[in-house]
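First comes the structure, then the notes that go with it.
These figures come from a predicted structure and were not determined experimentally.
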Amino acid sequence: MTTPSCPCGRSEAYENCCGRFHAGAAAPTAEALMRSRYSAFVKGDAGYLLRTWHPRTRPARLDLDPGTRWTGLEVLDSTSGSAFHTTGTVTFRASHRGGSLHERSRFERVDGAWVYVDGEFLD
């Protein structure tokens with residue numbers, strides 16, 4: 001039996017990829033955090049999404065639509081966002097049944113951990 005690859009599109013198993021971040025490990029880059037947040041949307045993990053949202057822009061609550069079926073993630077570009085940066089951006093297209101979301105997300109490090117700040121819709 002083969003282990004399914006991670007929802008973020010990487011070939012690793014979920015547990016070794018985004019699952020470790022959902023379980024508490026810190027994402028090492030802005031792109032890794034963005035991929036793990038996409039996987040959290042796929043899995044319906046609103047708690048993780050809130051925990052990895054910048055306190056300045058985080059909503060009080062997050063109600064995910066259980067009817068949304070995410071079908072794929074394509075990372076189009078990323079700037080900065082490594083262990084040597086304090087900010088970064090990731091441009092991506094997240095597909096779901098019925099459409100897609102094209103966004104440039106901004107990330108910052110808070111107390112050493114990457115968090116999502118906000119995003120700009122591009123389409």
Report yes or no: do [X] and [Y] belong to one cluster of Ile/Leu/Val/Met/Phe/Trp/Tyr joined by side chain heavy-atom distances under 4.5 Å?
X: Val117; Y: Tyr38; answer: no
X: Val115; Y: Phe92; answer: no
X: Phe121; Y: Leu76; answer: no

If we only count heavy atoms from C-beta on, is the [X] to [Y] side-chain gap below 4.5 Å?
X: Cys18; Y: Pro7; answer: no
X: Asp77; Y: Val90; answer: no
X: Arg37; Y: Leu33; answer: yes
X: Phe41; Y: Leu49; answer: yes
X: Arg51; Y: Tyr48; answer: yes
X: Ser39; Y: Cys6; answer: yes
X: Pro59; Y: Leu50; answer: yes
X: Ser36; Y: His22; answer: yes

Can you measure from CG (Asp45) to CZ (Phe21) and round to the nearest 0.5 angstrom?
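Result: 14.0 Å between the selected atoms.
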Ring-face cation of Lys43 near Tyr14 (centre distance under 6.0 Å, axis angle within 45°)
yes
Answer with yes or no whether the side chains of Arg106 and Thr87 bring together a donor and an acceptor at under 3.5 Å.
no
Would you say the side chains of Thr57 and His54 form a donor-acceptor pair under 3.5 Å?
no
Would you list the atom pairs, donor with acceptor, under 3.5 Å between side chains in residues 60-75 and any protein atom, with sequence neighbours excluded?
unit_1: Arg61; atom_1: NE; unit_2: Asp63; atom_2: OD2; d: 3.4
unit_1: Arg61; atom_1: NH2; unit_2: Asp63; atom_2: OD1; d: 2.8
unit_1: Arg61; atom_1: NH2; unit_2: Asp63; atom_2: OD2; d: 3.1
unit_1: Asp65; atom_1: OD1; unit_2: Gly67; atom_2: N; d: 2.8
unit_1: Arg69; atom_1: NH1; unit_2: Pro66; atom_2: O; d: 2.9
unit_1: Thr71; atom_1: OG1; unit_2: Ser95; atom_2: O; d: 3.3

Distance-minimising heavy-atom pair for His85 and Ser82
ND1-OG, 2.9 Å
Heavy-atom closest contact (Glu31 atom, Ser78 atom, distance):
OE1-OG, 3.8 Å
Is the distance from the ring center of Phe107 to that of Trp114 below 6.0 Å?
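Centroid distance Phe107-Trp114: not below 6.0 Å, so no.
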Whether Arg93 and Glu103 form a salt bridge (side-chain N of Lys/Arg under 4.0 Å from carboxylate O of Asp/Glu) is what I want to check.
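Judged by the 4.0 Å cut-off on N to carboxylate O distance, Glu103 and Arg93 do not form a salt bridge.
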